[in-house]
Every structure is written in C-alpha cells, then in structure tokens.
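Everything on this sheet refers to the single structure shown next.
When reading the values below, keep in mind they use all heavy atoms of this one structure, side chains included, and skip hydrogens, waters and symmetry mates. In this chain, numbering begins with 1 at the start of the sequence shown.
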Amino acid sequence: MRFPTRRSVTLLLNTMEKKLAEYKCDTNEAICLKLVRFPEDIEDDGTTFHPEYSHQIFGDDEVAFGYKGLQIQLFYSAGNLSTLFKVKYSSKVTETFDCVEPDDVEGKIREIVPAGFTCNTDDFISLLEKDANFKPFGTLLHTYTVHNEEAGELTYQIHKADITCPGFQEYHERLQTFLMWFIETASFIDADDDRWDFFLVFEKYNKDGETLYATVGYMTVYNYYVYPDKTRPRVSQMLILPPFQGEGHGAQLLEAVHRFYCSLPKVQDITAEDPSENYVKLRDYVLVKLCQGLPSFAADKLHLGFSADMIKEAQDKLKINKKHARRVYEILRLRATDMSDEEKAREYRLEVKKRLFGPYRKNQRELAKMRKCLRPEELVSHMGQMDTQTQHEELEKSYQVVVEDYRRIIERLASQA
C-alpha cells in the first residue's frame, strides 16, 4: 500500500486553498446600495453605490466566504427608505466542497436592517408608489437651492425632528443603517432618549407632476446638561448620503443646526463627539463664515492678536467656545495677512505655532515630573521620545498642514462670495 508523499499532500492542499480562495468576496464591492425614485432605477447600475466600510458586519478583512459573484442588494425608496433586501450569487462553495460552510451573509445583514423589509421586487415597487405620500418629519428650519448642470435649480429643505413625530422612529431605524457603511466607528443610538435632536435634509423633486421628497442626509445631536441651567448640544453623527456628497449639503446642514441652537438662550456652546478630520474642516468653514461679520473679527483687529473680545462675542452671539474661536481667528488672520511680506508671515507663523506648541509644553512638564520618579534608564527612553530637535520638526510639519487646511477654507469662502 502506497501512502501519499509530503510533496503531493502539499500540492493538494495548495490546490484546494486556491479553489477555496475563489469563493472569497470583497464585501465593500458585493454590497450594492441604491436610493430608488423610479422603478427603472432598480436595474440601472448607474444609481448603485457601495460602502466605504463593512468591517463591523464582516470583520476586519471585509470579506465574505463561500460565494462566487456575490451581490448583497440593499435598495431603499428615496423618501421613506422602504427597503428591498436580496442576496444573489453565481455559485456557492457547498456545490463543490461538501464539508465547507459558507458565511451566513443574510443573517449578518438582518442584524442591522430593521424588520419590515421585503425580498420581493414587485412588493418593493408597490412600496415605492407610496413614497408619493411621504412628507418630511418635524419642523422646517431652512430651504436652499443648488444648481445642477442637468436638472437646473434643485430645492432642498432642512427639518428638525424628534422621536415623538409619528412614524419617525421606524424611519430613523432604516436611516441609521447607512452609518455602518460610511462611518468607520459607527454605532446605533438609543433614540428613545428625549434629549436627542434629529436634523434631516431632503431634496424636493417632481414625479408624474407631483412634488416628492428624497432623503439626502442627517445629523443627530445630544443635549447635555450644564450646571446650573444651560445645555451643551453635542453633534454625535452626521452623514450626507454618497449620491449627494460634494454639493455643499454638509455645510448647509451644519450652519442651519448652528443657527437653530444660537436662537436658544439656554445653550452654552455647541460641540462634537470625537469629530473626524473632515468634520473639523467643515466646522472651521461654517464657523468662519458665521464669524467673519462680527466686529471683533474685523480685518483691522486681527493683527492685534486673539482677544478677549473675540472670545466673548463668539460665545455670546454664536455659542462658539474659545478653542473653536481661536481657529476662526487664525483662518481670518491668514486671509488678512500678506504672506509675501516676511515680517508679517513670521508674526503669523509664530502666532499659530504658539498654539500648536501647547502639547509639547505639556510633554516638557511631564518630563520634569518623570525626573523625580523614574530610574535613569527609564528616563532616557522617555527623553528620546521628546527630543527638542524632533519637537521643532514636528511643530513645523503641523504648522504646514494647518496652514494648507486653512488656505482651502479661504479658497472655498472666496468661491462662495
């Protein structure tokens, strides 16, 4: 009786591994999302968009195993977000390998998609027709238009809603599923808490002579208590859906929300929870736009430095805290500074670096404490991390990045003027 050699076993395993690898699918490609206005959109690949992230559902590799040609369809009616959910594939691993189990793709999606979806296209088209009856939730805060090369002037509305609005809780459960695909560390909120405010963006569009509304994006804000009688609204989540990104809706939404809270006397200031880099840039743009007309931020005041008047006026009139007001000042001062003048450019650079140096100064204070309690070899390792030359280099890099971001904001303001 002959036994297989080690080499033949290795070749067999390699062959099996290659064949099994054919059943791995990138879930960011496999998941197909749509916002459907017309029945013909269902078969139109041009209306499909894909997630940026799927790791919260399918693991860090963002891979589903066990299928070839996997397509996970999550199609939503444009207004009410009624949902069609289908899983399609050309072949399954069990057709070739008896003892290998595919991932439970459908089960994973069902964990985040609320009940009430359909798996039947005809039923979805019936739900789509009911979008004609869909109206935005809550109170209208702001209306604006955006020029579209194909469609001309499009009208958008921003509404404020809360969980008491009839039908809103179910709508929000469908809406928040998008967070999992487009915010890296997203999590669902406990919407039953009445301290949540919801701000929604809708597009008005025409279908068969009727005015309908399509969901564009939204923001959630939690109202924290501040002793003794104030609140601090904190932005928790913000998402403009991909088909509408790059059209200025994020800035319109953030500005409308800011103006709403500025009208409430009990509001202390407005903050954000763990803001992303993109959110910080957007906030800088909106706050500069709001502050540039304040007397304390006038061009002739900027070269005198960041003042108590700026802090007070930003706080009193626009609910902007000191940290955010400082960034506004730096952006407006850059706009008002002739950077080709060496002396003025140097003054500006030192002004910004003075703020950026804060964390390094803190490191130096920590190092002084360490000298009193660490052994020499431990101290050396920490000193290496805080080398003065490295600090200067990092400070210069930080300065260049900040100024580049500021210049983009200034260019955007100029283009909107």
Counting heavy atoms not belonging to [X], are there more than 12 under 6.0 Å from its [atom1]?
X: Phe134; atom1: CZ; answer: yes
X: Asn148; atom1: CG; answer: yes
X: Glu43; atom1: CD; answer: no
X: Lys207; atom1: NZ; answer: yes

Pair [X] + [Y], salt bridge at N-O below 4.0 Å:
X: Glu330; Y: Arg333; answer: no
X: Arg408; Y: Asp405; answer: yes
X: Arg349; Y: Glu342; answer: no
X: Arg259; Y: Glu255; answer: yes
X: Lys397; Y: Glu393; answer: no
X: Arg327; Y: Asp284; answer: yes

Exercise. Does NZ or CZ of Lys68 lie under 6.0 Å from the centre of the six-membered ring of Tyr23, at an angle within 45° of the ring axis?
Worked result: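 So Lys68 does make the cation-pi contact.
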Problem set entry | Arg37 NZ/CZ over Tyr205 ring centroid, <6.0 Å and within 45° of normal |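 Yes; both conditions hold, so Arg37 lies above the ring face of Tyr205.
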Exercise. What orientation do Phe244 and Tyr156 show, parallel under 30°, tilted 30 to 60°, or perpendicular over 60°?
Worked result: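 Perpendicular.
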Problem set entry | Thr143 and Thr155, any side-chain heavy atoms less than 4.5 Å apart |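 Yes, their side chains come closer than 4.5 Å.
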Exercise. Can you check whether Thr177 reaches Pro114 side chain to side chain, under 4.5 Å on heavy atoms?
Worked result: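 When only atoms from C-beta onward are counted, Pro114 and Thr177 do touch, with a gap below 4.5 Å.
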For this session: Applying side-chain contact (heavy atoms from CB on, under 4.5 Å) between Thr118 and each of Thr83, Ile125, Leu84, report the one that passes.
Result: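 With Thr118 as partner, side-chain contact (heavy atoms from CB on, under 4.5 Å) holds for just one option, Leu84.
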For this session: For a side-chain contact (heavy atoms from CB on, under 4.5 Å) with Tyr76, tell me which candidate from Leu241, Leu127, Leu81 qualifies.
Result: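 The single option meeting the side-chain contact (heavy atoms from CB on, under 4.5 Å) with Tyr76 is Leu81.
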Exercise. Do you see a donor-acceptor pair shorter than 3.5 Å between the side chains of Arg195 and Tyr222?
Worked result: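 The criterion, which ignores hydrogens and geometry beyond distance, is satisfied for Tyr222 and Arg195.
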